[in-house]
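Note sheet for the following structure.
All values derive from a computational prediction rather than experimental measurement.
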Amino acid sequence: MPIKVCFVALNAYPAIDPTVAGSFGGIETRSWLFARELATLPGFEVSFLVRHWHPLRQKSYEGVTLHLMRDRFYPVRDSLLSRIERLDHFPWMQLHRPQLSDAFFLPLLAGMKAMKRKPDPCEPSSLIENIDADIFLTFGVQSFSATVIATGKASHRPVTLFLGSDSDLDEQYLPGGDFVSVYRDRADVCYWAIQNADLIFCQTKSQQQRLESLFHRESQLIRNPVDVQQWDELATQEVEEKLHGNLRRYALWVGRADAVHKQPQVLLEVAKLCPGVDFLMIMNRRDDIVEVAIKQSAPANVQIVDHVPFAKMPAIFSKAAVLVNTSSLEGFPNTYLQSATSGVPIASLNVETDFLKASQSGMCAEGNLDRLAEYVQEVWNDEVTIAQSGKEYVAEHHDLQRQTTILANALKR
């Protein structure tokens with residue numbers, strides 16, 4: 001009998017089907033890579049739970065069966081939440097950048113919320129209970145992962161938890177406080193998820209050490225994967241000029257409109273320090289206020305593209321002179337694997353010094369913005385190149401097939 005495995009990464013549908021509306025990031029890319037590769041191995045039957053406001057276009061992709069959590073108001077609600085600021089005085093909240101449609105949707109959603117009991121994230125879900133699976137794999141320390149874990153406990157099915165970011169191990173999740181993350185997840189819920197997952201997969205050794213020291217949980221290391229062969233094949237394809245801002249060559253930034261972690265506003269500061277460099281920002285939607293502010297304040301040497309299908313990203317990287325990362329923290333950036341595979345140097349403000357040194361694929365400025373800008377200009381002027389060893393390192397340590405085999409063996413145990 002095959003092991004029936006269900007992946008849970010709610011925003012992954014656009015990563016699975018590039019014709020579907022919506023944005024996605026590292027978690028969605030990683031979860032889909034693992035799901036489709038695991039589906040090719042004997043002894044596994046793979047499904048995937050996603051959320052979307054439209055019906056599924058088809059029931060399965062590349063041997064993976066999809067389950068849908070239909071949420072017709074998700075994009076409207078997500079936009080409103082990103083634009084509502086809570087105040088400590090009357091009228092208690094303020095709506096930024098109001099839209100005409102808000103007059104209809106704001107009272108509608110408020111009424112629906114008042115009529116419906118807010119579910120406890122640590123209670124089981126009937127939707128998940130009805131999925132035919134022996135084991136669940138959920139991504140990120142957040143409220144819905146807690147719901148998946150609770151459902152697994154109630155139905156006596158194990159749940160594995162993939163860490164999605166270093167922020168998943170925030171020490172403010174420890175008992176005794178009332179911290180709420182920027183994604184509106186309560187500390188007590190996140191702590192409960194960490195403590196009750198049957199197995200935790202970490203992306204890096206530093207995450208393993210932090211998980212054990214802070215939360216006293218052991219884990220298994222499964223590195224972020226990349227399909228080098230597929231990436232190389234896609235890199236030779238033609239790409240529409242509008243997807244790279246009509247630029248022939250550029251310093252590339254990829255992330256979401258998130259001022260706390262991805263920090264697109266810092267990229268604008270780098271661009272101002274490098275007036276002779278053309279920058280391409282691929283900025284997925286996250287926070288409407290941040291998105292508008294970035295677009296309004298971007299200097300002339302920055303071109304912004306809202307979304308690029310995953311299949312087009314290898315060709316986008318092939319035209320890049322350097323990848324710039326301005327994140328305050330990451331789990332492990334998939335873009336680093338993609339950049340090293342493409343032979344593109346990586347300029348990092350804060351994250352993954354160890355990887356960059358081990359793979360010889362770039363430089364970390366250790367928070368020094370001037371040093372980051374200096375390195376970007378050096379690469380742009382062809383004063384810096386990276387060795388073939390970067391691609392070789394990625395192929396050895398992050399190969400999709402090898403990491404999926406590690407995952408498969410863990411699931412069998």
Taking [X] for its side chain and [Y] for its backbone only, find out whether a donor-acceptor pair lies under 3.5 Å.
X      : Y      : answer
Glu392 : Ser359 : no
Arg402 : Glu396 : yes
Gln403 : His397 : yes
Ser348 : Val351 : yes
Asp287 : Ala257 : no
Asn301 : Val277 : yes
Glu240 : Lys242 : no

Using 30° and 60° as the class boundaries, would you call the ring planes of [X] and [Y] parallel, tilted or perpendicular?
X      : Y      : result
Tyr393 : Phe355 : perpendicular
Phe162 : Phe139 : parallel
Tyr13  : His52  : perpendicular

Could you go step by step and tell me if Asp132 and Lys4 meet the salt bridge (charged side-chain N to carboxylate O under 4.0 Å, His left out) rule? CA-CA 7 Å; Asp132 183 14; Lys4 297 179 180 179; 2.7 Å; yes
Determine the sole option in Val5, Val64, Leu33, Ile3 for which the side-chain contact (heavy atoms from CB on, under 4.5 Å) test with Leu38 is passed. Val5
Establish, from distance only, whether the side-chain atoms of [X] and [Y] form a donor-acceptor pair under 3.5 Å.
X      : Y      : answer
Asn246 : Gln303 : no
Glu129 : Ser126 : no
Arg413 : Gln220 : yes
Asp185 : Ser143 : yes
Arg30  : Asn334 : no
Thr353 : Glu366 : yes

Could you walk me through whether Asp227 and Arg36 satisfy the salt bridge (charged side-chain N to carboxylate O under 4.0 Å, His left out) test, starting with their C-alpha distance in whole Å, then the side-chain angles of each, then the deciding distance to 0.1 Å, before giving a yes or no? CA-CA 11 Å; Asp227 188 336; Arg36 67 175 178 80; 3.5 Å; yes
Heavy-atom closest pair, residues [X] and [Y]:
X      : Y      : answer
Ser125 : Thr151 : N-OG1, 2.9 Å
Arg157 : Asp134 : CB-O, 3.7 Å
Asp258 : Pro264 : O-CD, 3.2 Å
Gln203 : Ser165 : OE1-N, 3.6 Å
Ile304 : Met283 : CG2-CE, 4.2 Å
Val305 : Val308 : CG1-CG2, 4.0 Å

Asp306 vs Lys295, salt bridge (charged side-chain N to carboxylate O under 4.0 Å, His left out): CA-CA, chis, key distance, verdict: CA-CA 10 Å; Asp306 292 328; Lys295 289 181 177 179; 2.8 Å; yes
Carefully, step by step, assess Arg210 and Asp170 under the rule salt bridge (charged side-chain N to carboxylate O under 4.0 Å, His left out). CA-CA 9 Å; Arg210 186 172 177 83; Asp170 196 316; 5.5 Å; no
Answer whether the closest heavy-atom distance between the side chains of Val270 and Trp253 falls below 4.5 Å. no
Within a strict 4.5 Å, meaning less than it, do heavy atoms of the Leu161 and Ser145 side chains meet? yes
Does the ring pair (Phe, Tyr, Trp, His ring centres under 6.0 Å) test come out yes or no for Tyr183 and His261, once each step is laid out? CA-CA 11 Å; Tyr183 305 116; His261 292 149; 5.8 Å; yes
Could you tell me whether His67 and Phe7 have their ring centroids closer than 6.0 angstrom? no
For Trp32 together with Phe310, are the ring centres under 6.0 Å from each other? no
Using the rule given for side-chain hydrogen bond (donor to acceptor under 3.5 Å, both in side chains), can you reason through Asn350 versus Glu330, listing the C-alpha separation, both sets of side-chain angles and the distance that settles it, and then say yes or no? CA-CA 9 Å; Asn350 294 301; Glu330 295 267 6; over 6 Å; no
Is the NZ or CZ atom of Arg249 positioned over Trp380's six-membered ring, under 6.0 angstrom from the centre and within 45° of the axis? yes
For Ile200 and Phe215, run side-chain contact (heavy atoms from CB on, under 4.5 Å): C-alpha distance rounded to whole Å, both residues' side-chain angles, the deciding distance at 0.1 Å, then the answer. CA-CA 12 Å; Ile200 298 177; Phe215 298 93; over 6 Å; no
